[in-house]
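Some notes on the structure that comes next.
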Amino acid sequence: MTATINSTEFFQVLKDRRAVKVYDENYKLTKAEIEELLTLAGRAPSAWNLQQWHFVVFHGEEAQQKLLPIAFNQAQIAQSSAVIAILGDLEANKNAQQIFAEDIEKGRLTEEIGEMIKGQINGAYQNPDYPRDAANSNASLAAMQLMIAAKGAGLDTCAIGGFNRAAFVKEFQISERYLPIMLITIGKAASPGRETDRLPLEKISTWI
């Protein structure tokens, strides 16, 4: 699935990505193909490289049917090749020790700088609003990267915010550590996504 593209092709991928809601039910993704996409999604940027995300994979008819009623019976949940639930990590500060130990071992950081950064992280996570804000913003970066990676691989996606989060947590025994952010369907379009326009740049930007 890995392909090399030039900058022109990459920009075209960004322009061509649309929310696809009707999928070819006969198109199947392998576990290895999904893992490759998730690996690329996991390369998204994150605050202090704490990687404040977790992926729950629904792959195959049985798993996707379990998710279907929780996602208000949206047909794309069952039709797509896989559904990835994007969770935000409310306790990503606990990742710091492993992440910075590896950086120190590989000579990317000194122990002194590593301890300084961990102090910054601990300070931020004492703010009661920060863990949720960081979980939402950083996991959303991984979600977008997943959709771009999928489009680059010739696949289609749709980000879904409409699902019963409380039921999701209960049915799939999600730890309190994780916050459900969105679902992303992945597969081959059976019908193209609806073409949409965007607000003009002067409407969405301010130059100071």
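All values reported here derive from a predicted model rather than from experimental measurement.
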Does the side chain of Arg194 pick up a donor-acceptor pair with the side chain of Thr196 at under 3.5 Å? no
Side chains of Ile84 and Thr185 in contact at under 4.5 Å (non-hydrogen atoms): no
Taking the side chain as C-beta and beyond, is there a heavy-atom pair between Leu67 and Leu183 under 4.5 Å? yes
Could you grab the distance from atom CD of Glu202 to atom CD1 of Ile204, nearest 0.5 Å is fine? 9.0 Å
Would you say Phe58 and Tyr27 are hydrophobically clustered, going by side-chain heavy atoms of ILVMFWY under 4.5 Å? no
Shortest non-hydrogen separation from Leu87 to Pro180 and the atoms involved: CD2-CA, 3.6 Å
Are side-chain N/O atoms of Gln79 and Lys21 paired as donor and acceptor at under 3.5 Å? no
So does Leu29 get a backbone contact from the side chain of His59, meaning a donor-acceptor N/O pair under 3.5 Å? yes
Counting N and O atoms only, with roles assigned by atom type, does the side chain of Lys66 sit under 3.5 Å from a partner on the main chain of Phe172, one being a donor and the other an acceptor? no
Hydrophobic clusters here meaning ILVMFWY residues chained together by side-chain heavy-atom distances under 4.5 Å, can you tell me if Phe168 and Met182 are in one? no
The reported gap from CG in Leu38 to CZ in Arg43 (rounded to nearest 0.5 angstrom) is 14.5 Å
Side chains of Ser46 and Gln51: donor-acceptor distance under 3.5 Å anywhere? no
Of all heavy-atom pairs between Cys158 and Gln76, which one has the smallest distance, and what is that distance? CB-OE1, 3.3 Å
Less than 4.5 Å apart, side chain to side chain, heavy atoms only: is that true for Glu91 and Pro131? no
Given side chains that start at C-beta, do those of Ile186 and Ser81 come closer than 4.5 Å, heavy atoms only? no
Validation row: Met144, Arg17 side chains within 4.5 angstrom (heavy atoms): yes
Flag yes if Phe55 and Met147 sit in one hydrophobic cluster, no otherwise; membership is Ile, Leu, Val, Met, Phe, Trp, Tyr, and two members link when side-chain heavy atoms are under 4.5 Å apart. yes
For His54, ring-ring contact (aromatic ring centres under 6.0 Å, His included) partners two or more places apart: Tyr178
Between Ile117 and Ile121, is a side-chain contact (heavy atoms from CB on, under 4.5 Å) present by the stated rule, with each step listed? CA-CA 6 Å; Ile117 296 173; Ile121 293 167; 4.0 Å; yes
Rounded to the nearest 0.5 Å, how far does CD of Gln65 lie from CD of Glu62? 10.0 Å
Are Asp89 and Arg177 ion-paired here, with the side-chain N under 4.0 Å from a carboxylate O? yes
Side chain of Asn93, backbone of Asn122: donor and acceptor closer than 3.5 Å? no
For the side chain of Gln64 and the backbone of Ser80, is there at least one donor-acceptor N/O pair under 3.5 Å apart? yes
So, is the end of the Arg165 side chain (NZ or CZ) under 6.0 Å from the ring centre of Phe163 and within 45° of the ring's axis? yes
Only one of Thr157, Ile184, Leu155 clears side chain to side chain contact (heavy atoms under 4.5 Å, CB included) with Leu37; which? Leu155
Is any side-chain heavy atom of Thr110 closer than 4.5 Å to one of Ile104? no
Identify whether Leu90 and Tyr125 are in the same connected component of the hydrophobic contact network (ILVMFWY, side-chain heavy atoms under 4.5 Å). no
Would a distance-only check, ignoring hydrogens and angles, find a side-chain to backbone donor-acceptor pair under 3.5 Å from Asn95 to Leu50? yes
Quick one: list whatever passes salt bridge (Lys or Arg N to Asp or Glu O under 4.0 Å) with Glu102, sequence neighbours left out. none
When every non-hydrogen atom of Asn138 is compared with those of Pro45, the smallest separation belongs to OD1-O, 4.2 Å
Mind checking what makes ring-ring contact (aromatic ring centres under 6.0 Å, His included) contact with Phe72, not counting sequence neighbours? none
NZ/Lys118 to CZ/Phe100 distance, rounded to the nearest 0.5 angstrom? 8.0 Å
Would you call Asn26 and Lys188 a side-chain contact if the rule is heavy atoms closer than 4.5 Å? no
Hey, does the side chain of Gln74 reach the backbone of Ala71 with a donor-acceptor pair shorter than 3.5 angstrom? yes
Heavy-atom closest pair (Asn127 atom, Asp129 atom, distance to 0.1 Å) is OD1-N, 2.9 Å
Give me the atom names and distance for the closest heavy-atom approach of Val20 to Ser191. CG1-O, 4.0 Å
Roughly how far, to the nearest 0.5 Å, is CD of Glu61 from CD of Glu25? 9.5 Å
Do Asp103 and Ile99 come within less than 4.5 Å of each other through their side chains, counting heavy atoms only? yes
Are Val56 and Leu179 linked, directly or through other ILVMFWY residues, by side chains that come within less than 4.5 angstrom of each other? no
Please name the pair of heavy atoms, one in Phe10 and one in Ile148, separated by the smallest distance, quoted to 0.1 Å. CE1-CG2, 4.2 Å
